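Each ligand, and each atom within it, is numbered from 1 in the order the structure gives. None of the values given here were measured: they were computed from a predicted structure.
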Amino acid sequence: MNEAALQLTALTRSFQQGDVTIEVLRGVDFRLEKGEIVALLGPSGSGKSTLLQAAGLLEGGFGGAIAIDGKAAVHMSDRERTALRRDKLGFVYQFHHLLPDFSAEENVVLPQLVHGTARAAAETRARDLLTVLGLSARLHHRPAQLSGGEQQRVAVARALANKPVLVLADEPTGNLDEDTAARVLEEFLTLVRSQGSAALIATHNRALAAKMDRVVRLDHGKLVAG
Ligand SMILES: Nc1ncnc2c1ncn2[C@@H]1O[C@H](COP(=O)(O)OP(=O)(O)OP(=O)(O)O)[C@@H](O)[C@H]1O
Ligand SMILES: [Mg+2]
């Protein structure tokens, strides 16, 4: 059978706050096919970031099962988990989390070097991606010397640099004005499609969600069709 890019089975997550237990995810079942782009909607506090952190193997404390490209995460060692994140996943956050002391180009080169790509090839790939994203004249700028939209474009290039099977994005354009958000998302989706990655993208924006293949929504801890 064709492996899903991401499979969540009966995923649960609760947080203990003093005597109160908040059940954020109450049994999420979700299958994301290879190459599929899905929007994740839900009101503030519904658990979108919690779900993406689980899917990205960024935090423990979950019940249920997570598999990425057919590999079950539950029994992995920290080392295996790190390798899987490095080789199969790309992240875009609401705030870019770029390395402040490195140029735009270096921010896109570094994850490729960690992945094992030779420097020359990594630099070519970084420049190609940044050029597609309209940043050919900004390669040597550090993040602080870039606008918010430009920083998010660099973050997009970084997430896609290793051609991951799965891209996870948490409100990747949430900090941008409406027009810039639409443009950056358009470029993001075009790149994701052209390289065949799957993507799960949390957003509050239904117009942006409508550009994706499918919409799902978190509703009282369950994932339902958009
Ligand atoms: N580390 C934590 N400890 C306690 N509660 C937490 C923790 N992280 C998240 N929560 C709670 O879990 C719920 C879901 O949070 P989450 O950040 O996943 O929501 P979200 O859907 O991403 O919201 P937003 O749209 O505002 O980003 C919230 O009620 C939040 O208070
Ligand atoms: Mg969130």
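- Salt-bridge annotation for Lys222 and Asp219: absent, with no side-chain N of the basic residue lying under 4.0 Å from a carboxylate O of the acidic one.
- Looking from atom 26 (O) of ligand 1 to the surrounding protein, the closest heavy atom is Ser44 OG, 2.5 Å.
- The side chain to side chain contact (heavy atoms under 4.5 Å, CB included) with Lys48 is formed by just one residue from the set Val24, Leu41, Leu200, Leu218; it is Leu218.
- Looking from atom 18 (O) of ligand 1 to the surrounding protein, the closest heavy atom is Thr50 OG1, 2.6 Å.
- In this structure, Gln53 does not count as a contact residue of ligand 1, since none of its heavy atoms falls inside 4.0 Å of the ligand.
- Atom 13 (C) of ligand 1 is flagged as protein-proximal [any protein heavy atom, distance under 4.0 Å].
- Under a 3.5 Å cut-off, the side chain of Gln152 and the backbone N or O of Pro172 do form a donor-acceptor pair.
- Residue contacts with ligand 1: Gly42 is excluded, as none of its non-hydrogen atoms falls under 4.0 Å.
- The residue from His75, Glu80, Arg79 that alone fulfils the side-chain hydrogen bond (donor to acceptor under 3.5 Å, both in side chains) condition with Ser77 is Glu80.
- Within the 4.0 Å heavy-atom cutoff, Pro43 counts among the residues contacting ligand 1.
- Between the side chains of Gln16 and Thr21, at least one donor-acceptor pair of N or O atoms lies under 3.5 Å.
- Ionic pairing of Glu187 and Arg153 is present here: one or more N-O contacts between side-chain nitrogen and carboxylate oxygen are shorter than 4.0 angstrom.
- At least one N/O-N/O distance between Gly45 and ligand 1 falls below 3.5 Å.
- There is a side-chain donor-acceptor pair under 3.5 Å between Ser197 and Gln195.
- With hydrogens left out, the protein atom closest to atom 25 (O) of ligand 1 is Lys48 NZ, 2.7 Å, a heavy atom.
- Nearest protein neighbour of atom 27 (O) of ligand 1, counting heavy atoms only, is Glu171 OE2, 3.4 Å.
- A heavy-atom separation below 4.0 Å is found between His204 and ligand 1.
- For the residue pair Asp128 / Thr131, no side-chain donor-acceptor distance below 3.5 Å is found, with atom types taken as modelled.
- Atoms of ligand 1 lying under 4.0 Å from any heavy atom of Gly47, numbered from 1 in the order shown and given with element: 14 (C), 16 (P), 18 (O), 19 (O), 20 (P), 21 (O).
- The shortest N or O to N or O distance between Phe15 and ligand 1 is not below 3.5 Å.
- Residues Asp170 and Ser49 bring a donor and an acceptor atom of their side chains to less than 3.5 Å of each other.
- For atom 16 (P) of ligand 1, the nearest protein heavy atom is under 4.0 Å away.
- For the Mg ion (ligand 2), the N/O/S atoms of Thr50 include none lying under 2.8 Å.
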